[in-house]
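I have placed the structure first, in the form of structure tokens, so that the comments after it can refer back to it.
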Amino acid sequence: HLDGVNYGGDYFYGNGDVSFRWSTVNDLKFGADVGVETFGFLNQDVSYDLSAYYAVGVVEGKFGKISIGMPRSVMSEYFVVPKVAGSELLDLDIGFLGSDLVRYVKLLLSDADGEMYGARYDGIIGRFNVAASVSQLSDSYGNGNIEEIVAQYAADQWSVTLGTVRFEQV
């Protein structure tokens with residue numbers, strides 16, 4: 001349920017993924033990940049919905065996982081803002097979106113007939129989980145690049161996660 005200054009009503013949110021992997025003799029896996037995320041208002045006065053589609057080709061092995069196409073955000077997998085005492089990057093009353101810049105851009109591009117493509121790497125280096133992605137976007141307003149990088153150190157009872165996002169309009 002959304003309650004704002006100018007709007008009060010119900011909404012629908014859905015999110016799903018399907019993954020396929022084919023193994024080879026030398027422990028190398030090839031496959032694909034396909035996903036969709038959608039948001040829509042369920043109000044007769046407002047007919048508005050946004051959908052983001054994700055589809056990548058994947059190569060996975062001892063080196064990690066490389067995804068090329070339209071990957072999901074790195075930040076959303078590593079950072080979860082707690083509901084109690086958590087803060088949001090953008091002060092929106094749409095908590096499920098979180099503070100993920102790539103997710104916002106991907107959903108908004110669907111409304112502006114825009115496109116977003118990129119590459120992503122996920123791996124483990126020693127005791128560190130690392131992930132990085134580079135995405136290029138274009139729509140009727142112009143072009144841009146989004147770069148994300150995350151490193152996470154996980155010990156037995158605690159963990160530390162650091163990440164950054166860089167957006168550049170070109």
Tell me whether [Y] is reachable from [X] by hopping between hydrophobic residues (I, L, V, M, F, W, Y) whose side-chain heavy atoms are closer than 4.5 Å.
X	Y	answer
Trp22	Val34	no
Ile66	Phe128	yes
Val18	Val56	no
Met70	Val74	no
Ile68	Phe63	yes

Look up atom [atom1] in [X] and atom [atom2] in [Y], then write down how far apart they are to the nearest 0.5 Å.
X	Y	atom1	atom2	result
Met75	Ile146	CE	CD1	11.5 Å
Arg127	Gln152	CZ	CD	11.5 Å
Glu60	Thr24	CD	OG1	11.5 Å
Ile149	Arg166	CD1	CZ	12.5 Å
Lys62	Asn26	NZ	CG	9.0 Å
Tyr53	Glu37	OH	CD	11.5 Å

Return the minimal non-hydrogen interatomic distance between [X] and [Y], and the atom names on each side.
X	Y	answer
Gly118	Pro71	O-CD, 3.8 Å
Asn143	Ser138	OD1-CB, 2.9 Å
Ala131	Asp122	CB-OD2, 3.5 Å
Ser159	Ala154	CB-CA, 3.9 Å
Phe167	Leu137	CE1-CD2, 3.9 Å

Should [X] and [Y] count as side-chain neighbours, where that means a heavy-atom distance under 4.5 Å?
X	Y	answer
Tyr153	Trp158	yes
Asp33	Asp17	no
Val150	Thr161	yes
Met116	Val102	yes
Val58	Lys65	yes
Val134	Tyr121	no

Can you check whether Tyr13 and Phe39 have ring centres sitting under 6.0 Å from each other?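 They do not qualify: ring centres at least 6.0 Å apart.
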Closer than 3.5 angstrom, by distance alone: can the side chain of Thr38 be matched with the main-chain N or O of Ala52 as a donor-acceptor pair? no
Please answer whether the main-chain N or O of Tyr54 pairs with a side-chain N or O of Arg72 as donor and acceptor at a distance below 3.5 Å. no
Exceeds 12 heavy-atom contacts within 6.0 angstrom, atom CD of Glu168: yes
Apply the side chain to side chain contact (heavy atoms under 4.5 Å, CB included) test between Arg120 and each candidate in Ser135, Ser133, Ser73; give the one that qualifies.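 Only one of Ser135, Ser133, Ser73 forms a side chain to side chain contact (heavy atoms under 4.5 Å, CB included) with Arg120, namely Ser133.
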